Visitor: 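Take this structure, written in structure tokens, and hold onto it; I'll ask about it next.
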Amino acid sequence: NWTAQLLPREDHFMENTMLATHSFIPQWLLIFDSEGLSEHWLRNLHPETELVTVSYYHSSLKTILESAITEGKILVVTEVDDQLMNEDTRFKDLISKSPEFLTKSDPVKLFISEKEVVGSPNFKVYIVCNKKPTNHTLVSNTRLLNLTPTLAGFSEFFL
């Protein structure tokens, strides 16, 4: 139920969300969320699982990322600057190997900066940007989900 999940009920929003979550394209989800809807939506998408949420600018992001990958947790990275992330050695290999994570049942080896990490096949990452992503390389290597409601959606949501 969209309303129970505090999500606007509007066609483009529901279609966009369905395509992003039920896609056959094995890529991580890059979420454009200027209104702060993603955290609640993701908690409803994974009700039985604890989400690890961390800001892209958190001083321990690398350690939290490595731990989530090896332990098979669901990681939500918020406040991402897509221009910085595209060159970020903590994420480069992770983003390029998303098809392996999402299609194999075996552990996946990858590098986080200079450190080799063996990733659990249960690991998932959601990348959340507060502003519209403009880095074409990052956008082309992820599935983009736009959680920006229209004016009509806002009106219905608050009435």
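As the structure is a prediction and not an experimental result, all values here were calculated from the model.
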Visitor: Do side-chain atoms of Thr70 reach the backbone of Glu66 as a donor and acceptor pair under 3.5 angstrom?
Guide: yes
Visitor: When the ring planes of Trp28 and Phe101 are compared, do they come out parallel, tilted or perpendicular, using 30° and 60° as the limits?
Guide: tilted
Visitor: Could you go through the side chain to side chain donor-acceptor pair (under 3.5 Å) check for Thr134 and Gln83 one step at a time?
Guide: CA-CA 7 Å; Thr134 57; Gln83 298 297 325; 2.8 Å; yes
Visitor: With a 4.5 Å limit on heavy-atom distance, are the side chains of Val108 and Val118 in contact?
Guide: no
Visitor: For a side-chain contact (heavy atoms from CB on, under 4.5 Å) with Val128, tell me which candidate from Leu145, Val76, Val80, Leu29 qualifies.
Guide: Val76
Visitor: Output the distance between atom CD (Glu79) and atom CG (Asp33), rounded to the nearest 0.5 Å.
Guide: 11.5 Å
Visitor: Could you walk me through whether Ile31 and Leu42 pass the side-chain contact (heavy atoms from CB on, under 4.5 Å) check?
Guide: CA-CA 11 Å; Ile31 303 171; Leu42 288 168; 4.1 Å; yes
Visitor: Please report the shortest heavy-atom distance between Pro133 and Cys129, naming the atom on each side.
Guide: CG-SG, 4.1 Å
Visitor: For Tyr56, run the side-chain hydrogen bond (donor to acceptor under 3.5 Å, both in side chains) check against Asp81, Asp82, Thr78, Asp88 and tell me which one passes.
Guide: Asp88
Visitor: To the nearest 0.5 Å, how far apart are CG in Leu30 and CD1 in Ile95?
Guide: 8.0 Å
Visitor: Within 45° of the six-membered ring axis of Phe111 and under 6.0 Å from that ring's centre, is NZ or CZ of Arg90 located there?
Guide: no
Visitor: Rounded to the nearest 0.5 Å, how far apart are CD of Glu100 and CG of Asp93?
Guide: 8.5 Å
Visitor: Could you state the interatomic distance from CG (Asn44) to CD (Glu39), rounded to the nearest 0.5 Å?
Guide: 11.0 Å
Visitor: Please determine if Lys73 and Glu50 form a salt bridge, counting it only when a charged side-chain N lies under 4.0 Å from a carboxylate O.
Guide: no
Visitor: Between Phe32 and Lys131, which heavy-atom pair has the shortest distance, and what is it?
Guide: CE1-C, 3.1 Å
Visitor: Is there a side-chain contact between Val117 and Lys109, using heavy atoms and a 4.5 Å cut-off?
Guide: no
Visitor: Looking only at atom types and distance, does a side-chain atom of Ser113 sit under 3.5 Å from a main-chain N or O of Lys115, one as donor and one as acceptor?
Guide: no
Visitor: Mind checking what makes salt bridge (charged side-chain N to carboxylate O under 4.0 Å, His left out) contact with Lys124, not counting sequence neighbours?
Guide: none
Visitor: For side-chain contact (heavy atoms from CB on, under 4.5 Å), just list the numbers for His46 and Leu51, CA-CA rounded to whole Å, side-chain angles, deciding distance to a tenth of an Å, and then say yes or no.
Guide: CA-CA 8 Å; His46 301 285; Leu51 304 180; 4.1 Å; yes
Visitor: What are the two closest non-hydrogen atoms of Ile74 and Thr49, and how far apart are they?
Guide: CD1-CG2, 3.6 Å
Visitor: How long is the span from the NE2 atom in His40 to the CG atom in Leu45, to the nearest 0.5 Å?
Guide: 11.5 Å
Visitor: To the nearest 0.5 angstrom, please state how far the CD1 atom of Ile112 sits from the CG atom of Leu110.
Guide: 4.5 Å
Visitor: Might you point out which heavy atoms bring Gln27 and Thr142 nearest each other, and give the distance in Å?
Guide: OE1-O, 3.1 Å
Visitor: Indicate yes or no: at least one non-hydrogen side-chain atom of Lys92 is less than 4.5 angstrom from one of Glu87.
Guide: yes
Visitor: Going through the distances and angles, do Thr63 and His58 end up as a side-chain contact (heavy atoms from CB on, under 4.5 Å)?
Guide: CA-CA 10 Å; Thr63 304; His58 193 284; over 6 Å; no
Visitor: Can you see which heavy atom on Ser105 is nearest to which on Pro121, and at what distance?
Guide: O-CG, 3.3 Å
Visitor: Are Trp41 and Tyr126 an aromatic pair by the rule of ring centers under 6.0 Å?
Guide: no
Visitor: So Val77 and Leu75, side-chain contact (heavy atoms from CB on, under 4.5 Å) or not? Walk me through it.
Guide: CA-CA 6 Å; Val77 183; Leu75 181 66; 3.8 Å; yes
